[in-house]
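To start, the structure under review is shown below, and the notes come after it.
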Amino acid sequence: MSRFWSQVARDLTPYVPGEQPKIANLIKLNTNEHPCPPSPKVVAAIRAELGDDGARLRLYPDPNADLLKAAIASRYAVTPQQVFVGNGSDEVLAHIFMALLKHELPILFPDITYSFYPVYCGLYDVEHRVVPLAEDFSINPEDYCGRPNGGIIIANPNAPTGRLLPLAAIEQIAAANPDSVVVIDEAYIDFGGESAVPLVAQHDNLLVVHTLSKSRSLAGLRIGYAIGHPGLIEALERVKNSFNSYPLDRLAIAGATAAIEDQEYFERCCRQVVATREQLVAELATLGFEVLPSAANFIFARHPRRDAAELAKTLRERNIIVRHFKLPRIDQFLRITIGSSEECATLSSALTDILS
Ligand SMILES: *Cc1c(COP(=O)(O)O)cnc(C)c1O
């Protein structure tokens, strides 16, 4: 701290991202990146945008990223006016908190969820109440009905549990809260869930957020988007244009558009992750782990006789990194990203060895 800090900077509790180690040959299963490279069409589109001499980089990108919005709109059968794009879904979420969730009443989200939500509440001074998950870490939709609130945000599948809320429950929550915005953060929906996007046609208060970081293998390019009623999108555009007119650079727009358009490659890569996940779940169960049912590209698991922090440390000594959260209720769990089948096999044999 220095005397130059504003009161805002003093009061912040920033989000702590998972480690991005600079060491080679690590098996990195800590930040839910995809083990497959992005579609070859993404690489080709970025190369084409760059050209031989990169001359186009002299010019600002399209501030509205119309090309990308059109591709997303076509993929999800919505209009471009129902699409907002941003520099990673974290940025999209930040604008959502500022534009749509900051009201008189507190917003609601689960006690165990994406730990960025309380950080945005701190940044934008949004009051919130946490709603405890059930004992089995599931969300009870009734908890979000008949309770006055300034908005609701739910990650589905939830992070870091991986548990999926069925679409009927999302619809129930949206219908029960016609006067607040219900945000569904679907960062992991492509690994086994059913998206709530089709519900935005009937619910003008429902906003669905996606990222290209997980299922489209593009965490390094930074693209996220939201789909909802044009009235919600307009609020996000107003905040965005008061903050940064060009959140997506030229290469990101070109690459993201190609990624959205290559549906076949995307589905194939997601299927691979799901198959590896099922294999790893079975192996960990054999080792005595309790694994929560996962619809994501990670699993959340605990061992009844081994301390989670200890296990994470021991794995790290073997060059395998997983995520451990030192938080109430979940400090005995490890969150393990589904890597390639080889990486997961290495993890399984390391755990077999450690536990024997
Ligand atoms: C990874 C993640 C995000 C952020 O994704 P980016 O697009 O990389 O910023 C948002 N929400 C949840 C639940 C996530 O796990």
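In each ligand, atom 1 is the first atom listed, and ligand 1 is the first ligand listed.
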Return the residue, atom name and 0.1 Å-rounded distance of the protein heavy atom closest to atom 15 (O) of ligand 1. Tyr188 OH, 2.5 Å
Proximal ligand 1 atoms for [X], defined as those under 4.0 Å from one of its heavy atoms:
X: Ser213; value: 6 (P), 7 (O), 8 (O)
X: Arg222; value: 6 (P), 8 (O), 9 (O)
X: Gly88; value: 7 (O), 9 (O)

Within the 4.5 Å heavy-atom criterion, are [X] and [Y] side-chain neighbours or not?
X: Tyr225; Y: Ser89; answer: no
X: Arg163; Y: Ile139; answer: no
X: Tyr120; Y: Val126; answer: no

Close approach, [X] and ligand 1, non-hydrogen under 4.0 angstrom:
X: Ser89; answer: yes
X: Asp185; answer: yes
X: Lys214; answer: yes

Could Asp62 and Arg250 be called an ion pair, given the rule that one side-chain N must be under 4.0 Å from one carboxylate O? no
May I ask you to decide whether Glu267 forms a salt bridge with Arg216, counting only side-chain N to carboxylate O separations under 4.0 Å? no
Could you label the plane-to-plane angle of the Tyr114 and Tyr117 rings as parallel, tilted or perpendicular, counting under 30° as parallel and over 60° as perpendicular? perpendicular
